There are 2 protein chains.
Amino acid sequence: MFSKSCKYAIRAVLYLAIHSDAEHKLGVKDVAEALDVPGPFLAKLLQQLSRHHLISSTKGPNGGFYLSETNARANLRGVVESIDGPEVFSSCILGLPVCSSQNPCPLHSRAQLYRQGLLELVEDQTIKEVAERVERQELKI
Amino acid sequence: MFSKSCKYAIRAVLYLAIHSDAEHKLGVKDVAEALDVPGPFLAKLLQQLSRHHLISSTKGPNGGFYLSETNARANLRGVVESIDGPEVFSSCILGLPVCSSQNPCPLHSRAQLYRQGLLELVEDQTIKEVAERVERQELKI
DNA sequence: CTATAAAAAGATAAAAAACTCTTTTAATCT
DNA sequence: AGATTAAAAGAGTTTTTTATCTTTTTATAG
Ligand code: FES
Ligand code: FES
């Protein structure tokens, strides 16, 4: 479903939500080791998220990546769209050039249900909320 | 979501459901041109589906690919599983090594809704039913 | 102001997915 | 039986995704 990159990105954002804030920034290495993900590759992803203002970062000593309060109040949709592109939520499930009710593919109407589930997955709770649930219920990330 | 291969495969199966039967077989080229898909690549996919008995084929003059009655009474799940692997319906949406309610990831419970939609998409109608709907409603494939 | 720490950027490499070409096998027709 | 047709199988190639390595920029600390 999501690309590997996107999965890494989501997990990294959640990790930052739990373990970082403006006063406690984390280096790529910290996150990569905690999530068991290739470091230099994760660095690229975090840079990309940072460029899109979905996470925050500063350079230099005591620098690193973190989630600002604002970052944490967003949901995960932006993260997914930033890495995998916005089309994941709107493109035809059979790969036809356009997806529309005007000219639908055979799976179009049922694809709505699937998309609904997908959107709820990433939209109906903030990153902060997910992170808090992870802590309360000791979930794996 | 589905790989490109899988999308091609689904479309090809539907095309066969509509345009072929045991008495009217189609060559790879026919299908590839109709769907505007790379021919030799589609050939590989059809061979794979044929090996898994999801479509039928015969060699030689008047040979080709087609859907038997039995093939057409199945749903699309087998096609998807044959090309993309069965894990698409059961693997963790965040890429964790196992997906289970015992040790769930933060998105696990909501992922169920998404999976439900995905399964309905491919399971709740037979290939024949989809094909008939395509003909009745002149849908694109 | 200099040394240092860490992200940003750029350039490369490896692996996987998508796509192509060639040879072999099997069915049909004459 | 021999010629022909079309799938099956095998061996490449190209493109995209994933992963690594190196250099540059910027913020901080001393
Ligand atoms: S047209 Fe295929 S999903 Fe909408
Ligand atoms: S554990 Fe992640 S979806 Fe089930």
Side-chain angles (χ1 to χ4, degrees), chain A residues 1-13 16 20 22-33 35-68 71 80 82-85 87-88 95, chain B residues 1-13 16 20 22-33 35-68 71 80 82-85 87-88 95:
Chain A
M1 165 52 223
F2 298 133
S3 68
K4 227 166 167 180
S5 297
C6 192
K7 292 170 182 171
Y8 291 165
I10 295 173
R11 293 172 61 210
V13 166
L16 288 176
S20 83
E23 280 77 48
H24 304 86
K25 297 159 192 170
L26 296 177
V28 186
K29 221 180 146 197
D30 303 320
V31 183
E33 283 173 3
L35 301 182
D36 191 26
V37 149
F41 188 62
L42 184 62
K44 290 293 182 190
L45 298 172
L46 293 181
Q47 284 166 26
Q48 194 175 337
L49 293 174
S50 182
R51 250 183 279 121
H52 289 83
H53 305 104
L54 299 163
I55 67 176
S56 307
S57 69
T58 67
K59 294 183 176 183
N62 286 312
F65 294 97
Y66 65 100
L67 287 211
S68 68
N71 292 151
V80 172
S82 168
I83 304 292
D84 277 356
E87 324 79 46
V88 292
Chain B
M1 164 54 225
F2 298 134
S3 69
K4 226 165 168 182
S5 297
C6 191
K7 292 170 183 170
Y8 290 165
I10 294 173
R11 293 171 62 207
V13 166
L16 289 175
S20 83
E23 279 76 48
H24 304 86
K25 297 161 194 168
L26 295 178
V28 186
K29 219 180 146 194
D30 303 321
V31 183
E33 284 174 1
L35 301 183
D36 192 26
V37 149
F41 188 61
L42 184 62
K44 290 293 181 191
L45 297 173
L46 293 180
Q47 283 166 25
Q48 193 175 338
L49 293 174
S50 182
R51 252 182 278 122
H52 288 84
H53 306 104
L54 298 163
I55 68 176
S56 307
S57 69
T58 66
K59 293 181 174 184
N62 286 314
F65 294 96
Y66 64 100
L67 286 210
S68 67
N71 293 149
V80 172
S82 169
I83 303 292
D84 277 355
E87 324 78 45
V88 292

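As the structure is a prediction and not an experimental result, all values here were calculated from the model.
OP1 and OP2 of D:dA7 both lie 4.0 Å or more from every side-chain N or O belonging to B:Ser50. Here B:Arg51 does not reach the OP1 or OP2 of D:dA7: none of its side-chain N or O atoms lies under 4.0 Å away.
Residue B:Leu49 comes nearest to B:Ser82 through the heavy atom pair CD2-OG, 3.9 Å, listed as atom of the first residue, atom of the second, then distance. When all heavy atoms of B:Ile83 and B:Ser5 are compared, the pair lying nearest together is CG2-CB, 3.7 Å. The minimum heavy-atom distance linking A:Val80 with A:Phe2 is given by the pair CG1-CE2, 3.8 Å.
Nucleic acid contact class of B:Leu26 (heavy atoms, under 4.0 Å, all strands): sugar-phosphate only.
Taking the side chain to side chain contact (heavy atoms under 4.5 Å, CB included) definition, one finds that B:Glu33 meets it with B:Lys29, sequence neighbours left out. Every residue two or more places apart in sequence or in another chain that forms a side chain to side chain donor-acceptor pair (under 3.5 Å) with B:Asp84 is listed here: B:Ser3. Partners of B:Pro38 under the side chain to side chain contact (heavy atoms under 4.5 Å, CB included) rule, at least two apart in sequence or in another chain, are B:Tyr8, B:Phe41. Under the rule for a side chain to side chain donor-acceptor pair (under 3.5 Å), B:His53 has no partner lying at least two apart in sequence or in another chain. Qualifying side chain to side chain contact (heavy atoms under 4.5 Å, CB included) partners for B:Ala12, counting only residues two or more places apart in sequence or in other chains: B:Val31, B:Leu35, B:Leu42, B:Leu46.
Atom C1' of nucleotide C:dA7 and atom OH of A:Tyr66 are separated by 13 Å, given to the nearest angstrom. Note: NZ (A:Lys7) to C1' (D:dT17) measures 13 Å, nearest angstrom. The separation between B:Leu45 atom CG and C:dT20 atom P is 12 Å, rounded to whole Å. Rounded to whole Å, the distance from NE2 on B:His52 to C1' on D:dA7 is 17 Å. Protein atom CD of B:Gln48 is 13 Å distant from nucleotide atom C1' of C:dA17, rounded to whole Å. The distance between atom CD of B:Gln47 and atom P of D:dG10, rounded to the nearest whole Å, is 10 Å. Atom CD1 of B:Ile55 is separated from atom P of D:dA6 by 16 Å (rounded to the nearest Å). Between the CG atom of B:Leu46 and the P atom of C:dC19 there is a distance of 14 Å, rounded to whole Å.
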Using atom types as modelled, flag every donor-acceptor pair under 3.5 Å from a side chain in residues 54-64 of chain A to any protein atom, sequence neighbours excluded.
unit_1: A:Ser56; atom_1: OG; unit_2: A:Asn71; atom_2: OD1; d: 2.5
unit_1: A:Ser57; atom_1: OG; unit_2: A:Ser50; atom_2: OG; d: 3.1
unit_1: A:Thr58; atom_1: OG1; unit_2: A:Lys25; atom_2: NZ; d: 3.4

Show the distances under 3.5 angstrom between N or O atoms of the protein and N or O atoms of nucleotides 19-21 of chain D.
unit_1: D:dA19; atom_1: OP1; unit_2: A:Tyr8; atom_2: OH; d: 3.4
unit_1: D:dA19; atom_1: OP2; unit_2: A:Tyr8; atom_2: OH; d: 3.2

Could you run down the sub-3.5 Å N/O contacts of the protein with nucleotides 26-30 of chain C?
unit_1: C:dA26; atom_1: O4'; unit_2: B:Lys59; atom_2: NZ; d: 3.3

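Both A:Lys29 and B:Cys6 lie near DNA chain C, and the one whose nearest nucleotide falls closer to the 5' end is A:Lys29.
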